[in-house]
Number of protein chains: 2
Amino acid sequence: MGTTQLESVPEPKYWHLKTVLSDALDSEFAVGEILPNERELAARFGVARATLRQALEQLELEGRLQRRRGVGTTVAPPRVGVSVGDPAHSWPGINDTADPWRPVGSDEATPPPAVARLLGTEPDRTTHVVRRTRLAHGQPLAAELLYIPDASVPHLSSIDAPGGTARARTLLRELARLELEGQEQAVELGSARAEDAKELDRLPGSPVLIVTTRYYAQGRTAAVAVATYRADTCRLTFGDPSGGMQLLAG
Amino acid sequence: MGTTQLESVPEPKYWHLKTVLSDALDSEFAVGEILPNERELAARFGVARATLRQALEQLELEGRLQRRRGVGTTVAPPRVGVSVGDPAHSWPGINDTADPWRPVGSDEATPPPAVARLLGTEPDRTTHVVRRTRLAHGQPLAAELLYIPDASVPHLSSIDAPGGTARARTLLRELARLELEGQEQAVELGSARAEDAKELDRLPGSPVLIVTTRYYAQGRTAAVAVATYRADTCRLTFGDPSGGMQLLAG
DNA sequence: AAGTGGTCTAGACCACAAG
DNA sequence: TTGTGGTCTAGACCACTTT
């Protein structure tokens with residue numbers, strides 16, 4: 001045979017392309033640098049543009065690249081670690097000066113069935129909803145919907161109008177009066193709803209990490225937060241070395 | 001105008017298709033049921049197969065569908081919640097009868113740079129590597145590589161040959177002699193390496209949730225685990241309502 | 001106006017599982 | 001052998017950003 005090696009299990013072109021590009025990113029490009037456009041890259045590698053795009057998609061999924069319509073494809077910085085599991089910081093309304101969340105509005109709505117189940121309310125019962133955004137270095141990392149049943153904020157004054165951030169702050173302040181007794185969290189993969197995508201500066205459908213947090217207070221589920229993190233730029237961190245190990249002692 | 005509504009911001013076909021299919025899944029299909037094949041679905045909706053596939057891809061990403069080459073597209077069951085954050089269960093080697101991890105082999109290798117950094121070892125220093133698989137209901141959920149520096153298993157007998165599961169069990173048993181002092185975890189999105197994909201019964205490149213756990217013992221980082229969870233079938237859970245809230249008291 | 005990535009088409013062939 | 005999903009092509013047009 002003239003071929004020095006025959007691939008008994010030939011890997012797809014886009015897969016090979018991905019590794020080639022990945023190596024090139026490590027050695028020949030700096031963070032923030034802009035790559036040649038897709039048509040040129042495809043021509044350079046001798047593949048169709050769709051195939052080239054399949055490789056780029058995976059690299060973007062892995063946080064190596066960032067693509068923006070009308071602009072180009074750039075080399076992404078390493079993912080930022082965002083602390084998600086620490087109750088002391090995540091309990092809404094705690095007035096930490098380092099609170100990374102910014103309230104952007106409030107509303108009243110019927111939560112999705114999954115949330116209603118966690119809250120233990122009837123499926124068609126409305127709750128307060130506070131919308132918040134989490135920023136880091138000026139970039140939006142996450143968009144959150146915080147569902148608060150009436151029972152958790154009994155002393156709510158009805159001065160402020162729904163929809164405003166003033167109302168949102170009032171709700172958070174009321175919620176903070178409760179003493180947090182525990183929390184449960186879950187992380188899963190999803191795709192950004194149109195509304196979240198806008199806030200995250202991404203296209204609808206782009207991959208996101210959905211963090212659902214169930215807050216316990218007064219022996220009940222006091223609130224449920226559904227936070228949508230950009231999967232391309234975020235690495236979610238849980239726990240820390242100094243504490244929390246009491247679990248093992250018991 | 002003859003049109004009752006003009007879309008000033010027309011949504012992409014595949015996006016609309018996705019919502020239509022999603023509704024159909026809720027109302028007309030049962031879990032495990034097999035959908036019509038892609039060519040027929042595309043014809044039925046009057047779109048190209050590639051467009052139809054774009055919608056299916058997103059639904060699979062969201063855990064609604066499962067596609068298998070040569071078989072077909074089926075309606076996926078709800079994601080299973082897998083406990084990830086509880087140190088009492090995740091500390092390797094603890095002889096819990098309910099331990100969901102099954103050792104499948106061991107080796108000696110130089111860890112990836114990111115892991116070496118966590119371990120505090122030189123980049124080219126080899127460590128023991130234990131390969132484990134996590135199962136639920138007979139289905140593989142996760143594949144893990146556990147990196148253990150020599151210093152963490154000083155009493156290791158060199159009877160067993162590397163590569164075998166016997167050696168893996170020995171390593172885990174030795175590791176369990178250490179008292180766990182703390183752990184740190186991170187979750188991020190990735191795509192399955194060829195090796196992991198095989199173990200997870202997925203195609204290479206399919207989306208996975210990568211959980212990196214740093215175990216502390218004896219004041220050092222005693223081991224680092226890199227676990228690759230199927231993103232389509234898994235919902236990772238952290239913490240629990242009964243404990244862990246000591247953090248707030250301090 | 002020009003250039004970028006995003007969407008879409010209508011084909012073709014391949015790898016795999018099951019009969 | 002048949003039928004499935006997976007890969008790939010060579011185009012076209014659209015939405016968006018920048019100049």
Side-chain angles (χ1 to χ4, degrees), chain A residues 6-19 21 33-61 64-76 191-192 194 197-198 201-207 232, chain B residues 6-19 21 33-61 64-76 191-192 194 197-198 201-207 232:
Chain A
L6 53 125
E7 307 182 55
S8 57
V9 182
E11 59 184 3
K13 275 189 186 178
Y14 78 90
W15 186 259
H16 179 242
L17 203 50
K18 188 187 119 177
T19 69
L21 284 169
E33 194 170 348
I34 188 166
L35 268 61
N37 71 55
E38 297 184 348
R39 289 159 181 88
E40 180 177 336
L41 279 177
R44 187 179 299 186
F45 288 107
V47 299
R49 190 176 156 220
T51 304
L52 185 268
R53 277 179 60 81
Q54 208 169 344
L56 294 184
E57 248 152 56
Q58 287 223 2
L59 289 170
E60 190 180 30
L61 195 85
R64 308 286 312 272
L65 291 179
Q66 186 153 356
R67 298 189 287 175
R68 272 173 304 173
R69 167 152 53 178
V71 180
T73 301
T74 56
V75 181
S191 48
K198 194 167 189 176
D201 193 27
R202 301 260 55 193
L203 287 180
S206 45
D232 56 344
Chain B
L6 52 124
E7 309 183 51
S8 57
V9 181
E11 60 183 1
K13 275 189 186 178
Y14 77 90
W15 186 259
H16 179 241
L17 204 50
K18 189 187 117 178
T19 69
L21 284 169
E33 194 170 348
I34 188 168
L35 267 60
N37 72 54
E38 296 184 349
R39 289 160 180 88
E40 180 177 335
L41 278 178
R44 187 179 300 187
F45 288 106
V47 299
R49 190 177 156 220
T51 304
L52 186 268
R53 277 179 61 81
Q54 208 169 344
L56 293 183
E57 248 153 57
Q58 287 222 1
L59 288 170
E60 190 179 30
L61 194 85
R64 306 288 311 272
L65 291 179
Q66 191 157 137
R67 297 189 288 173
R68 271 173 305 175
R69 168 152 53 179
V71 179
T73 301
T74 56
V75 181
S191 48
K198 193 166 190 175
D201 190 28
R202 301 260 55 194
L203 287 179
S206 47
D232 56 344

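Residue numbers begin at 1 in each chain, while the letters A, B, ... track the order of the sequences. Side-chain atoms are counted along with the backbone in the values below, which use heavy atoms only and exclude waters and symmetry mates.
In this entry the distance linking NZ of A/K13 with P of C/dA15 reads 13 Å, nearest Å. With rounding to whole Å, A/I34 atom CD1 is found 14 Å from D/dT17 atom P. Here D/dG5 presents its P atom at 16 Å from CG of B/D201, a figure rounded to the nearest Å. To the nearest angstrom, P of C/dG6 lies 11 Å from CD of A/Q66. Residue A/R69 contributes atom CZ, which lies 15 Å from atom P of C/dT4 at whole-angstrom precision. Whole-Å rounding puts the A/L65 CG to C/dG6 P distance at 11 Å. Straight-line distance from the CD atom of B/E11 to the P atom of C/dT7: 12 Å, rounded to whole Å. Rounded to an integer number of Å, the gap from CG of A/L203 to C1' of D/dC14 is 13 Å.
The shortest non-hydrogen separation linking A/L52 to A/E38 is CD1-O, 3.8 Å. Here the shortest heavy-atom pairing between B/L65 and B/V75 reads CD2-CA, 4.3 Å. For the residue pair B/L21 and B/A55, the shortest heavy atom distance occurs at CD1-CB, 4.3 Å. Shown here for B/V47 and B/K13, the closest heavy-atom pair between the two residues is CG1-CD, 4.1 Å.
Closest contact between the side chain of B/Y14 and the listed nucleotides C/dA15, C/dT7, C/dG6 involves C/dT7.
Residues from residues 49-59 of chain B that place a heavy atom under 4.0 Å from any atom of DNA chain C, listed by number: B/R49, B/A50, B/T51, B/Q54. In the region residues 35-47 of chain B, proximity to DNA chain D at under 4.0 angstrom, judged on heavy atoms, holds for B/N37, B/E38, B/R39.
Heavy-atom nearest nucleotides on DNA chain D were determined for B/G72 and for A/W15, and the one closer to the 5' end corresponds to B/G72.
Heavy atoms of other residues, nucleotides or ligands lying less than 6.0 angstrom from CZ of B/R68 number 12 at most.
Here the side chains of A/R67 and A/E57 are in contact, with some heavy-atom distance below 4.5 Å. The shortest distance between side-chain heavy atoms of A/L41 and A/T73 does not fall below 4.5 Å.
Put simply, the side chain of A/Q58 never gets that close to the backbone of B/S191: no donor and acceptor are under 3.5 Å apart.
With A/D232 as the fixed residue, the side chain to side chain donor-acceptor pair (under 3.5 Å) test singles out one of A/R64, A/R202, A/Q66: A/R202.
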